[in-house]
Protein chains: 2
Amino acid sequence: MEDNTARFEKLLVKNGLKRTAPRLQVLEILSGRDSATSQPYLEQVMGKDADRVTLYRVLQAFEEKGIIHKVLDQQGTANYAICSDGCSAHEHHDEHVHFNCDNCHKIYCLDTVKIPALKVPAGFKVDRLNLIATGLCASCSDKVN
Amino acid sequence: MEDNTARFEKLLVKNGLKRTAPRLQVLEILSGRDSATSQPYLEQVMGKDADRVTLYRVLQAFEEKGIIHKVLDQQGTANYAICSDGCSAHEHHDEHVHFNCDNCHKIYCLDTVKIPALKVPAGFKVDRLNLIATGLCASCSDKVN
DNA sequence: ATTATATTTGCAACATAATTGCATTAAAAT
DNA sequence: ATTTTAATGCAATTATGTTGCAAATATAAT
Ligand SMILES: [Mn+2]
Ligand SMILES: [Mn+2]
Ligand SMILES: [Zn+2]
Ligand SMILES: [Zn+2]
């Protein structure tokens with residue numbers, strides 16, 4: 001497997017973003033997790049390595065460039081995950097289902113589960129769909145049973 | 001059509017809630033709108049008729065009793081709408097699609113559009129589904145064309 | 001009608017998430 | 001090495017939501 005840092009540096013350059021410590025750190029954290037990561041968690045992990053404001057700006061830049069996508073959980077907290085498919089500055093392709101676990105509160109990107117097309121009342125023009133399923137994740141439903 | 005205030009008073013009593021001015025006012029506002037109403041808007045309209053905290057508590061009580069349901073829009077803002085079907089303190093039945101207009105930012109409860117059942121990976125146990133469609137509402141797509 | 005009770009409200013204080021302006025710093029281009 | 005441009009840090013501010021507690025009020029009991 002290719003060196004992470006080198007890969008991230010390429011990613012930044014490709015998107016016209018400068019190679020800075022806070023940005024590399026955010027990419028490092030996000031890529032090392034199996035579920036979406038909340039802003040509060042990121043803030044806590046980064047600690048004083050970067051200012052709060054910087055974190056917000058890094059996340060915003062990444063989202064605009066199509067590097068990450070934002071998912072709001074049921075409490076309205078922002079969570080971020082690296083985009084898997086070919087998202088770009090001009091268009092996100094993250095129309096997969098998100099699963100929010102009631103127990104561990106993780107948000108999983110269910111990349112394999114596509115959102116079914118929808119029939120809406122006349123006049124409404126659907127641009128994007130956002131489906132959040134809530135319940136117990138595989139790991140938590142295991143433990144309960 | 002029956003007098004609104006009388007109807008609301010019954011609703012409160014039925015749910016073991018006292019008939020108070022802020023509660024009646026919230027019901028009055030919500031029932032007079034064709035789309036979900038944001039907390040900030042409610043706060044603004046109520047002005048100094050009720051304290052911010054009271055508004056939050058009224059909304060919370062209504063939600064718990066199944067009188068209203070909460071929808072978060074794409075910005076994470078809380079929006080509230082009166083429950084149409086038989087929601088109760090023990091269970092909400094609001095699994096309809098919500099439509100968030102990019103132009104007027106209104107959130108419509110599409111009561112007629114049910115969320116299709118979902119096939120999730122093994123182990124995941126779905127409890128609730130929340131589908132938000134974003135785009136242009138009928139009224140706004142009219143104006144654009 | 002008066003009193004007792006349980007609930008609801010308002011206020012103050014606090015917590016957290018997010019944004020803005022601006023001076024400083026640092027990355028990349030020349 | 002110097003210039004240019006982008007990004008960061010800091011301070012201040014706004015918005016959203018919560019908690020504890022005393023005062024007020026709706027309703028039930030007398
Ligand atoms: Mn995702
Ligand atoms: Mn609804
Ligand atoms: Zn879980
Ligand atoms: Zn609209």
Side-chain angles (χ1 to χ4, degrees), chain A residues 5-6 8-29 36-65 67-68 70-80 89 105 107, chain B residues 5-6 8-28 36-65 67-80 89 105 107:
Chain A
T5 310
F8 296 151
E9 288 179 0
K10 271 188 214 162
L11 185 61
L12 292 176
V13 171
K14 191 182 77 177
N15 284 284
L17 298 172
K18 288 182 176 171
R19 190 213 67 120
T20 68
R23 284 171 178 169
L24 289 171
Q25 199 180 350
V26 168
L27 290 174
E28 197 65 55
I29 296 170
T37 305
S38 72
Q39 187 282 329
Y41 178 85
L42 278 167
E43 189 174 326
Q44 181 207 306
V45 170
M46 312 247 320
K48 60 178 219 52
D49 293 348
D51 189 83
R52 277 170 48 73
V53 179
T54 299
L55 174 57
Y56 278 109
R57 289 195 273 228
V58 166
L59 293 171
Q60 191 185 299
F62 284 1
E63 200 187 355
E64 278 169 13
K65 298 296 184 178
I67 297 173
I68 63 176
K70 168 158 61 171
V71 199
L72 300 178
D73 66 20
Q74 300 302 44
Q75 290 79 49
T77 305
N79 285 254
Y80 298 89
H105 300 112
I107 295 190
Chain B
T5 309
F8 296 151
E9 289 180 0
K10 271 188 213 164
L11 185 61
L12 292 177
V13 171
K14 190 181 78 177
N15 285 284
L17 298 172
K18 287 182 175 172
R19 190 213 68 119
T20 68
R23 284 172 178 168
L24 289 171
Q25 198 181 350
V26 168
L27 290 175
E28 196 66 55
T37 305
S38 73
Q39 186 283 328
Y41 177 85
L42 277 168
E43 189 173 324
Q44 181 207 305
V45 170
M46 313 247 319
K48 62 179 217 53
D49 291 349
D51 189 81
R52 278 170 43 72
V53 179
T54 299
L55 173 57
Y56 279 108
R57 289 196 272 228
V58 166
L59 293 171
Q60 192 185 299
F62 283 2
E63 199 187 356
E64 279 169 13
K65 297 297 186 177
I67 297 174
I68 63 176
H69 61 280
K70 167 157 63 170
V71 199
L72 300 179
D73 66 20
Q74 300 303 41
Q75 290 79 47
T77 305
N79 285 255
Y80 297 89
H105 301 111
I107 296 189

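Proteins come first, then strands; the chains are lettered A, B, ... in the order of their sequence lines, and each starts at number 1.
When the C1' atom of D:dA6 is taken as reference, atom CD of A:Gln60 falls 14 Å away, rounded to whole Å. Atom pair A:Gln44:CD and C:dT16:P shows a separation of 12 Å (rounding to whole Å applied). What separates NZ of A:Lys10 from P of C:dA28 is a distance of 16 Å, to the nearest Å. As a whole-Å value, the separation of B:Leu12 CG from D:dT25 C1' is 15 Å. A straight line from CG of A:Asp73 to P of C:dA17 spans 11 Å, rounded to a whole angstrom. Nucleotide D:dA6 holds its P atom 11 Å from the CG atom of A:Leu17, rounded to whole Å. To the nearest angstrom, C1' of C:dT8 lies 15 Å from CD of B:Gln25. When the C1' atom of D:dT8 is taken as reference, atom CG of A:Leu59 falls 14 Å away, rounded to whole Å.
At a cut-off of 3.5 angstrom, the base of D:dG17 holds no donor-acceptor pair with the side chain of B:Arg57. In this model, no side-chain donor or acceptor of A:Arg52 finds a partner on the base of D:dG9 within 3.5 Å. In terms of polar N and O atoms assigned as donor or acceptor, the side chain of A:Lys18 comes within less than 3.5 Å of the base of D:dT5 in a complementary pairing.
When heavy atoms are screened at a 4.0 angstrom cut-off, A:Ala61 is found touching no nucleic acid atom at all. Residue contacts shown for A:Arg19 are limited to sugar-phosphate atoms, with no base heavy atom under 4.0 Å away. Among the heavy atoms of the strands, none lies under 4.0 Å from B:Glu43.
Scanning both residues, A:Met46 and A:Pro22, for their nearest heavy atoms gives CE-O, 4.3 Å. Nearest heavy-atom pair across A:Leu72 and B:Gln75 is CD1-C, 3.9 Å.
Taking OG from A:Ser38 and NE2 from A:His105, the interatomic distance works out to 11.5 Å, rounded to the nearest 0.5 Å. One distance of note links CG of A:Leu11 with CG of A:Leu17; it measures 8.5 Å at 0.5 Å rounding.
In the set C:dC11, D:dG9, C:dT19, C:dC11 carries the atom at the smallest distance from any side-chain atom of B:Asp51. Side-chain proximity of A:Arg23 to D:dT16, C:dT9, D:dT8: nearest is D:dT8.
Counting only heavy atoms from C-beta outward, the side chains of A:Pro40 and A:Thr77 approach each other to under 4.5 Å.
Each of B:Thr20 and B:Val53 lies near DNA chain C, and the nucleotide nearest B:Thr20 is the one positioned closer to the 5' end.
For residues 12-21 of chain B, every residue pair satisfying the side chain to side chain donor-acceptor pair (under 3.5 Å) rule, not counting sequence neighbours, is listed here: B:Glu9-B:Arg19.
None of B:Val26, B:Ile107, B:Val71, B:Leu59 except one satisfies the side-chain contact (heavy atoms from CB on, under 4.5 Å) rule with B:Tyr80; the exception is B:Leu59.
At its two ends the helix from C:dA1-D:dT30 to C:dT30-D:dA1 runs along axes set 30° apart, each axis drawn from five pairs and the angle rounded to 10°.
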